[in-house]
Amino acid sequence: MTRRRGDIAETLRQRVLSGIHLGELKHGQRLPSARELAREFGADPRVILAAYRELQIEGLVELRPRSGIFVVAADTLLSGLQRRTHDWMVEVLLEAVGRGIPAPDFPEWLRRSQETLRLRAACIECNDDQVDELSGEVHSTYGLDVSGVDVYTMLGSSSPPKDVRRADLLITTRFHAHEVQPIAIQLGKPWIVAELRMDSFAEVARRLEDGPVYYVVVDPRFADKLGRIFAASPGAANLRVLIHGRDDPDQIPEAAPVYLTRLARERLPERSRLKQIMPQARVFTPETARQIFTFILRANLAAVESPL
Amino acid sequence: MSRRRAEITDLIRQRVFTGLHLGVLTHRGRLPSVRELAREFGANPRVILAAYRALENEGLVELRNRSGAFVAPAGLSMGDPTPRRADWMADVLMEGLRHGMKPGALSQSLEQCFDAVDLHAAVLECNADQLYSVPEELQRDFGIRTTGIEIDSILAGQDAPVELRQVDLLVTTPFHQNEVRSLARRLGMPMVVITMCTDLFTEVGRLLPRELVYFVVTDSRFADKLHRLFGSSTGAANLRTLVLGTHDLNEIPDDAPTYLTRLTRRRLGECTLLQRVLPEARVFSAESARQILSFLSRTNLTAVPSDRM
């Protein structure tokens, strides 16, 4: 139960932080009620409320009796975040000193442990939306150079394409793990099967039971894939996938929940009309994030001659 | 029991690291036997063995059947603690993401904990050994420019010396906290009371009831302080303090546990013929290190515009 609460608190924290960061949430804005979220997460409202309370202690949200839950005002948020982040940074520096790294050297040391080598990843998927989703996340969060590779192009040619051959790391999803693995082995390259955060898919499945849910994608192949992913869900008939450039986004009712892929988000100019755009979740699960970091750090630390 | 094992593991790990650093230990060099350490720590040999095994897993130590424990060859330990370190760093980066900072932003925020202000601290102490070791650690581990000042010289004078007025922070140890606190109040200056890392004292306290323990210091006042410190320990009479330049170090039996202060080490160089030199201990307790880091980072972060955080 507490574990579940921890997971939910983590998801909510992520949503609030990235929502503010992306401009989708504003300070003082009302957040979904515990009852609404209880339905979405399939959890007891008391669990949701407890998760919200955790966030309140951290200074992220404000619970106002009888009127709801709100993102805190900007200045309060900043100082709350700063305090939490500051205390944590002090602990990190303390640990660094304990490991024999002088505290003032640690930031540079941390940087060198990631940036000594220029590492290149090939993100392999079967449609433009997911290739873009993987590549964007790998580049922007982990700082790797990235090339996107279409799995069918890769399988269709007699030898792996240049982008795959010169990559230091291959990244794919479990849909294509069996296709990427033999090539990684053949080329002697490390590969990571990225686990996507499934909470968004689970969330969509739950919303489908309540009514139409819209997806805007760019590549028709991703549209087909979404159809397959939700085929077994009870609300499958409520899934509406629109292909950018082919289908008219005006047909989306204003109040309907809408998911945009990263690629669609980039290309869709009139997103402001859509009220219920779901916040973009971080793409990777913590396990995958850890694998990517570990790959980067090990490669760099081995290259940096004993940084002590 | 496992807590005790963890403590002993930490202690041995630190010894091996600092031993290598100081050149007192070499890669592939022999480490004390399980039996010897069991005696020293007053612990069950199985606990020591378990600690050695943990260090073997970390690639720091090599256990050879029937011939004992050795420092692992260079490639395995100091040169390549990579996996363990990478795992820790991965934790840090993951946690950074949870705080909303991508790796680049994290390095930058950490840098801001040091970059804005060039802090200058004064360490007030009563003897040369501590006036050397405390500033050295402040400077090396925290990057704080530090001046050591004899506390007696200040208390004797009427006005605080000029050099004191130019610093941002006063640092002392619990022995002198009362004098320094009133001074800090008078000067309107923050102060930190450094508590010492107790590893060394615990270890010495454990050895004293059993055998002679030698300290080589450079300042007789630190020798007096040590006698006061261990005055109430069992085996206090076994404490021997020698002052460098006054006493003959040859009177130390080859196999007696011997502690050299940092200043002594510096004056002696790294060549010492003593066999059981206790490794250099970290001076500051974790709590003190945390206080200093907090002070340092707060001072720096409040000096930059808050939107950069």
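As the structure is a prediction and not an experimental result, all values here were calculated from the model. Order of the sequence lines fixes the chain letters, A, B, ..., with proteins taken first and strands second; residue numbering starts at 1 for each chain.
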Item checked: Closest non-hydrogen atom pair between B:A90 and A:L297, with its separation -> N-CD1, 3.2 Å
Note to self: Among B:G96, B:A105, B:A286, which residue has the highest count of heavy-atom pairs closer than 4.5 Å to chain A?
What the structure shows: B:G96
Check: Hey, what's the ring geometry for B:H99 with A:W88, parallel, tilted or perpendicular (30° and 60° as the breaks)?
Finding: parallel
Next item on the list: Taking all non-hydrogen atoms of both residues into account, name the closest pair between A:P107 and B:S107 and its distance.
Entry: CB-O, 3.6 Å
Check: Counting only heavy atoms not in B:R290, do more than 12 sit closer than 6.0 Å to its CZ atom?
Finding: yes
Check: If we only count heavy atoms from C-beta on, is the B:L93 to A:Q114 side-chain gap below 4.5 Å?
Finding: yes
Check: Are the side chains of A:V92 and B:M89 in touch, meaning some heavy atoms are under 4.5 Å apart?
Finding: no
Notebook entry, point to check: Distance from B:L110 atom CG to A:E108 atom CD, nearest 0.5 Å?
Noted result: 12.0 Å
Item checked: Any side-chain heavy-atom pair of A:M89 and B:S297 under 4.5 Å -> no
Checklist line | Within 6.0 angstrom of B:R266 CZ, more than 12 heavy atoms from elsewhere | finding: no
Checklist line | Heavy-atom proximity to chain B below 4.5 Å, by part of A:E91 | finding: side chain
Next item on the list: With side-chain contact (heavy atoms from CB on, under 4.5 Å) as the test, would you mind laying out the steps for A:R298 and B:D87 before giving the verdict?
Entry: CA-CA 9 Å; A:R298 288 193 183 198; B:D87 290 349; 3.3 Å; yes
Note to self: Measuring only between side-chain heavy atoms, which start at C-beta, is B:L97 closer than 4.5 Å to A:F284?
What the structure shows: no
Item checked: Interatomic spacing from CG in A:L110 to CD in B:Q108 - rounded to 0.5 Å -> 12.5 Å
Check residues 289-296 of chain A and write down every donor-acceptor pair under 3.5 Å in which the side-chain atom is one partner and the other belongs to a residue at least two apart or another chain.
unit_1: A:R290; atom_1: NH1; unit_2: B:D91; atom_2: OD1; d: 2.4
unit_1: A:R290; atom_1: NH2; unit_2: B:D91; atom_2: OD1; d: 3.1
unit_1: A:T294; atom_1: OG1; unit_2: A:R290; atom_2: O; d: 2.7

Check: With the threshold set at 4.0 Å, does a side-chain nitrogen-carboxylate oxygen contact exist between B:D141 and A:R99?
Finding: no
Notebook entry, point to check: What residues form a side-chain contact (heavy atoms from CB on, under 4.5 Å) with B:A289, not counting sequence neighbours?
Noted result: A:L94, B:F142
Next item on the list: Measure A:D105 against the heavy atoms of chain B and call it side chain, backbone, both or neither at under 4.5 Å.
Entry: neither
